[in-house]
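For clarity, every value in this text was computed on a predicted model and none was experimentally measured. Labels below follow one simple rule: chain letters A, B, ... track the order of the sequence lines, proteins then strands, and each chain is numbered from 1.
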Number of protein chains: 2
Amino acid sequence: MMSPSAAKSLRETTATVSPSQTLSRGIQALEILASAERPLTIAELAGALGVHRSVAYRILRTLEDHSLLVRDDAGRVQPGPGLAVLARGVSRDLQTAALPELTQLANTLNMTAFVAVWDHQDCVTLVTVEPRHSAATLAQHPGTRHPVNTGAPGIAIQSTMSEEQWAARAPGLPYRPEAAEARRIGYAASHDEVIAGLSSLAAPIQVPGGRPAAIAVVYIRREQDQAAVGEALAASAARIESQLA
Amino acid sequence: MMSPSAAKSLRETTATVSPSQTLSRGIQALEILASAERPLTIAELAGALGVHRSVAYRILRTLEDHSLLVRDDAGRVQPGPGLAVLARGVSRDLQTAALPELTQLANTLNMTAFVAVWDHQDCVTLVTVEPRHSAATLAQHPGTRHPVNTGAPGIAIQSTMSEEQWAARAPGLPYRPEAAEARRIGYAASHDEVIAGLSSLAAPIQVPGGRPAAIAVVYIRREQDQAAVGEALAASAARIESQLA
DNA sequence: TGGATTTGTTCGATATTTGAACAACAAATT
DNA sequence: AATTTGTTGTTCAAATATCGAACAAATCCA
C-alpha cells in the first residue's frame, strides 16, 4: 500500500532512497570548482562544502585519481581534463550528427550556431560553431546553462509538446504562447530577450530515448529574412533526426 | 634557491590516504557510461561495477540528482547534460583564448584545428574547429583521448621540457628525439603516425598554473608549405600565452 | 631566520553504506 | 488469460567505510 492513488507511470521522480552522502559531496566539489573563477585551496573548498578539511582532502584525492581535478604548483585545485572525456559521452549521437549541420549553418548564414538540450529548468549548450569572421563570440560555449523560459531553444522544445504535456514534465514552469506559433511554422523566434539587440531562432530536435533538444542560431538583430533562416534550421533539424533514427 | 638537483618536492604523488570507495564507484559508473555505446540497464551497470544492484541503484540516483546521468523511457541510463556544464570549467581561460585562434587557423588553412592538454599518458582534446567545407570530420572531437607519444601535440609538449624534466614528470614514457628539433623550430610535426595519410602539426602552449597544452592542426597529407603552417601555429600559441599571462 | 599558514597522516567512534530479501510492475510466453 | 521472466524500486540489520580531532611536515612570507 504505497501509492494511494498514484499518478502513475510517467516515471515519477519519487526519490525515496537517500542519496549517497560522499558521492553528493564529491559532485558538489566539482560543481563548485566549475563555477569558481580561480583555483581554490583545499581549505576554501572544504569551507564551501561545509565539511572538515580532512574530508575534503579525501574527496579531492579521489577526484584527482580520475583526472576530474588537477592541482597547480601551489596545490590549489581546479577542474581536470577527465571531465571533458566524460562530457564527450553526453548525447554523443546528437553531437556527431549535429556538427556538420552546424558548420554549414554558421558559415552560410554567418551566425553562431549551436545545439542545446533540455535539463530541468535550463537548456544546456552542447556544441557550438562560430562563423568564419566572428568579431566577438556570442557567448554560447558548450556547457552554458540558460533558463528554458528564455530564448528560442526553449520555445522550440515547448512546441513539441501540448500545454498539458509541458505541465506534466516541467511542473511550475509557464508554457509560452509562442510555442503554438512555433509548432505551426516549424521554428521559434526570440528577439531582445536574453540580451538587447540579439536575436535567436531555433528548431526542435526529437532524440529517440533522449532529452528534447534544439538547433539554434544567434545573431545581431538586423533585417534578415527570418523565415528563410528558420526554414533552414527546420531542415537541419529534420536531417539530424533522420540520422538519429 | 629551489632545488638544484634535488628531484624531490615536485609535489610527489605519494597517495597514501585511501580513496573514497563510494565516490570512486560513482566516477567509475560515469566512465563506463561515457564509453558505452548504448544506454545501460541498472543491472548491467551493477555488473560492470562489480557491486550489488541496490548499491548501483543508490549511486545512480545520486548522479541523476545532479544531471550527470539521465534515463530513457525504459529506465536505462546514459550520460547527462550536467557533465557538459562541469567540463566547461576545464582550463576555461585556455578554451576562450584559443577559440578565435582556432577559427582563424581552421578557415585560413582549411584544416581541422584543435587544442589538447596533457593528462598522464594521454593528450585530451578540449576544443576543436572544423574548416568551412569539411567533408569528413577528422575525428578530433572534444573529450578524445590520444596517447601522448603519438602525434604532434605530444612532441610539442615534450619540446617544452628537457629530457630529465620529462623523465621526472612522465616516468616510464620515452622521450621522443623529435622534441629537440621541435624546440629549435617552434613547432612539431607528425606524418602517417596515427592514421596513414594524415599529418599533424602542433605548437606548445604553456598555461600558468595549468597543465602543458598544445595547439594543432590535422590534415590530409599533401605537399603543403609545412614551415608556414608551423609558424602560424607558433604565432597563435604565442598570442594565446600572452593572453593567459 | 623565524613564525604563520597550509598540506598531509593517523586512528578510534560512529554514522553511512552495504546487500539480501521482498514488492511492484511490464513485457513476453504459453 | 494466466504464467514466466525480466526489470525497477524499497526496506532494514549488520558491517565497514567515513568522519573529524589532533598531530607532523612541508611551504610561504615578512
**Q** Please determine whether a side-chain nitrogen or oxygen atom of B/Y57 lies at a distance below 4.0 Å from atom OP1 or OP2 of D/dT10.
**A**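 Yes, such a contact exists.
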**Q** Expressed in angstrom and rounded to an integer, what is the separation of B/L69 atom CG from D/dT8 atom C1'?
**A**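 Whole-Å distance recorded here is 14 Å.
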**Q** For the side chain of A/R176 and the backbone of A/Q158, is there at least one donor-acceptor N/O pair under 3.5 Å apart?
**A**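 Answer holds: no.
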**Q** Round to the nearest Å and state the distance from B/D73 atom CG to C/dC25 atom C1'.
**A**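 Rounded to the whole Å, the gap is 16 Å.
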**Q** Is the shortest side-chain heavy-atom distance between A/E64 and A/V70 below 4.5 Å?
**A**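 No, their side chains stay 4.5 Å or more apart.
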**Q** What is the distance from CZ of A/R76 to P of D/dT27, rounded to the nearest Å?
**A**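 Value for this atom pair: 14 Å.
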**Q** If the test is side chain to side chain contact (heavy atoms under 4.5 Å, CB included), which one of B/L33, B/L63, B/I27, B/L60 qualifies with B/L68?
**A**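 In the set B/L33, B/L63, B/I27, B/L60, the residue that makes a side chain to side chain contact (heavy atoms under 4.5 Å, CB included) with B/L68 is B/L63.
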**Q** Between the protein and nucleotides 14-19 of chain D, are there any N/O to N/O pairs under 3.5 Å, and if so, what are the atom names and distances?
**A**
| residue | atom | partner | partner atom | Å |
| --- | --- | --- | --- | --- |
| D/dT18 | OP1 | B/S20 | OG | 3.1 |
| D/dT18 | OP1 | B/Q21 | N | 2.7 |
| D/dT18 | OP1 | B/T22 | N | 3.1 |
| D/dT18 | OP2 | A/R58 | NH1 | 3.3 |
| D/dT18 | OP2 | B/Q21 | N | 3.4 |
| D/dC19 | OP1 | A/R25 | NH1 | 2.7 |

**Q** Could you check whether any side-chain N or O of A/D119 sits under 3.5 Å from a backbone N or O of A/C123, counting only pairs where one atom can act as donor and the other as acceptor?
**A**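 Between the backbone of A/C123 and the side chain of A/D119 there is no qualifying donor-acceptor contact (under 3.5 Å).
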**Q** Check DNA chain D against residues 36-46 of chain B and give the residues with a non-hydrogen atom under 4.0 Å, in numerical order.
**A**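 The stretch gives B/T41, B/I42, B/A43 as the residues lying under 4.0 Å from the strand, ordered by number.
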**Q** For B/E164, give me all partners under salt bridge (charged side-chain N to carboxylate O under 4.0 Å, His left out), at least two apart in sequence or on another chain.
**A**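 For B/E164 there are no salt bridge (charged side-chain N to carboxylate O under 4.0 Å, His left out) partners, ignoring immediate neighbours.
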**Q** If I take atom CZ in residue B/R53 and atom C1' in nucleotide D/dT11, what distance separates them, rounded to the nearest angstrom?
**A**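 In whole Å, D/dT11 C1' lies 13 Å from B/R53 CZ.
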**Q** Only counting residues at least two apart or in another chain, list the ones meeting side-chain contact (heavy atoms from CB on, under 4.5 Å) with B/A170.
**A**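 If we apply the side-chain contact (heavy atoms from CB on, under 4.5 Å) test to B/A170, skipping adjacent residues, the hits are B/W118, B/W166, B/L173.
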**Q** In terms of side-chain geometry, is the basic nitrogen of A/E31 or A/R25 positioned less than 4.0 Å from the acidic oxygen of its partner?
**A**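 Between A/R25 and A/E31 there is no salt bridge, as every charged N stays at least 4.0 Å from the carboxylate O atoms.
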**Q** Using modelled atom types and a 3.5 Å cut-off, is there a donor and acceptor pairing between side-chain atoms of A/S91 and backbone atoms of A/L94?
**A**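 No, A/S91 side chain to A/L94 backbone: no donor-acceptor pair under 3.5 Å.
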**Q** Report the end-to-end axis angle of the helix from C/dA4-D/dT27 to C/dT30-D/dA1; each axis comes from five terminal pairs, and the value is rounded to 10°.
**A**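 Taking five pairs per end, the axes differ by 50°.
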**Q** Are any non-hydrogen side-chain atoms of B/S20 and A/R58 less than 4.5 angstrom apart?
**A**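 Contact flag for B/S20/A/R58 side chains = yes.
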**Q** Main chain of A/A152, side chain of A/Y187: is a donor-acceptor contact present, judged purely on distance under 3.5 Å?
**A**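 Side chain of A/Y187 to backbone of A/A152, a donor-acceptor pair under 3.5 Å: no, none is there.
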**Q** So, does the side chain of A/R61 form a donor-acceptor pair with the base of C/dG8 at under 3.5 Å?
**A**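 Absent.
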**Q** Mind checking what makes side-chain contact (heavy atoms from CB on, under 4.5 Å) contact with A/R92, not counting sequence neighbours?
**A**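 For A/R92, the residues satisfying side-chain contact (heavy atoms from CB on, under 4.5 Å) (neighbours in sequence not counted) are A/R88.
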